[in-house]
Asker: 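I'd like to ask some things about the structure below.
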Number of protein chains: 2
Amino acid sequence: MPQPSARRGRPPRISRAEIIEAARRIVEEDEGVDRLTMRRLAGEVGSTPMALYHHVRDKEELLVLLMDAVAEEAQRRPELPADPRERVIVLATAIRASLVERPWAVELPAADDLMSVSALWYSERIVGALVECGLTTERAVHAYRAIWYYTVGELTVRTASARRRERDDRPTYRDRVFTELDPGELPTLASLAGRWTELTARDTYQDGLRALVDGLTRG
Amino acid sequence: MPQPSARRGRPPRISRAEIIEAARRIVEEDEGVDRLTMRRLAGEVGSTPMALYHHVRDKEELLVLLMDAVAEEAQRRPELPADPRERVIVLATAIRASLVERPWAVELPAADDLMSVSALWYSERIVGALVECGLTTERAVHAYRAIWYYTVGELTVRTASARRRERDDRPTYRDRVFTELDPGELPTLASLAGRWTELTARDTYQDGLRALVDGLTRG
DNA sequence: ACCTGAACACCGTTCAAGT
DNA sequence: ACCTGAACACCGTTCAAGT
């Protein structure tokens, strides 16, 4: 029997795994996907940009692979309470916590759904818990998605503000807008002007989540 | 009296308004902010890239200005029902509808908040309606934000899927994942495998929104 | 089979000079 | 004051060639 064809030709100098590992390092240390360029990545693995294209189809595929790798490793699976409603809260909060630590991942094509296989562990349990709450499977899926929307939105807004804050110290556009509010037109907001920033800085993810889950399961 | 200093020097060939107008055209016709480059924009106004920098500080400022311009014009202010809870639904749905029509705007730095002054018309009325529902102003602001998170999330996921769909016809990564689910590990999801795409394609924005608002106001 | 170098077709932005 | 041209320091990706 001949050796499989994989054994022929020039031996590889870099591997797919090595590339993804280096990509993770760049993105984690520099906190941002925009910092991950093919050229920089090639440098990191001690090769040329074009060598990478022999291991991944294009940058997009690289990002998907990266997302998967990170999801697999980021599993700090929480203790699950018996009460299904509380379980939903715990699960969603855990997903969100692990994404708060990886703000760069929020921008990834991930946004469609928790797509990587390992992350489906969470989806499974959330949908399951919602069914235990009395929803039909169909409604449970929709409820799961609502929770996912809420979570993605909170993360998007959170990371967008964080990025803006770290970039410039000058008052944000929003702050400027709020100081010039016309109390005749916008009485409620004008009365809050001074406190808006403080109010919106507070972390209310769980409060909103609880309200949402209540609404979804009591409806 | 001498003329104000604005009257001196070479007369301008292009104006800020003209630039923003052209930017809006590009972004609206080509459906995407990434298509808006300084060079392309310069071409559109019949000038050079560098001339733009005389009217806007950098590309970021341009995007903020663009967002404002669009928000101002996109006001199809809805009829408001008397019932405050229903009013919140109508307002949020209207915001979302106008963003669904402008998918490119979802990526904008807008994400922090509805920041442009004209868009605050909505914020004012949502917070107001929530106060009418019996919330303190403070809780009303947090509730408003929860609604905003949910809306941003839905839009983010929606536009991300749309972009992916139009790019490649091959089955999405998610579809592939779902066909290979291990029913031992993920029984609920595996039982849904065939229907997942259909279930998640359905527009359930309003259902989720109603649940959220219920939870926020009944809590 | 795997890697390289040179090149293509782009970016945003700076700088010095023109009118 | 407003605009231009050339240039800098980048991108992702293709292509033809090397080992």
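Proteins come first, then strands; the chains are lettered A, B, ... in the order of their sequence lines, and each starts at number 1.
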Asker: For the residue pair A:Y150 and A:Y205, does the interplanar ring angle fall in the parallel (under 30°), tilted (30 to 60°) or perpendicular (over 60°) class?
Answerer: parallel

Asker: Can you check the B:L36 CG to C:dG12 P distance for me, whole Å?
Answerer: 8 Å

Asker: At under 4.0 Å, does any side-chain N or O of A:T48 touch on OP1 or OP2 of C:dC3?
Answerer: no

Asker: Tell me whether the OP1 or OP2 atom of C:dC3 has a side-chain N or O from A:S47 closer than 4.0 Å.
Answerer: no

Asker: Both distances below 3.5 Å, Watson-Crick or wobble geometry, any strand: find the nucleotide opposite D:dG12.
Answerer: C:dC8

Asker: Determine whether more than 12 heavy atoms belonging to other residues, nucleotides or ligands lie under 6.0 Å from atom CD of A:E61.
Answerer: yes

Asker: Could you tell me how far C:dC10 sits from D:dC8 if I compare only their C1' atoms? Round to whole Å.
Answerer: 15 Å

Asker: Could you check how far NE2 of A:H54 sits from C1' of C:dC2, rounded to whole Å?
Answerer: 5 Å

Asker: Mind checking A:R39 for me? I need base, sugar-phosphate or nothing, with any heavy atom below 4.0 Å counting as a touch.
Answerer: base

Asker: In the strands shown, is C:dA17 matched to any nucleotide by a Watson-Crick or G-U wobble pair with both distances under 3.5 Å, and which?
Answerer: none

Asker: Which base, if any, makes a Watson-Crick or G-U wobble pair with C:dC3, both distances under 3.5 Å?
Answerer: none

Asker: Give a yes/no answer on whether the side chain of A:H55 brings an N or O atom under 4.0 Å of OP1 or OP2 in C:dA1.
Answerer: no

Asker: How close or far is atom P of C:dC11 from atom CG of A:D34, stated in whole angstroms?
Answerer: 18 Å

Asker: Indicate, with a heavy-atom threshold strictly under 4.0 Å, whether A:M38 touches base, sugar-phosphate, or nothing.
Answerer: sugar-phosphate

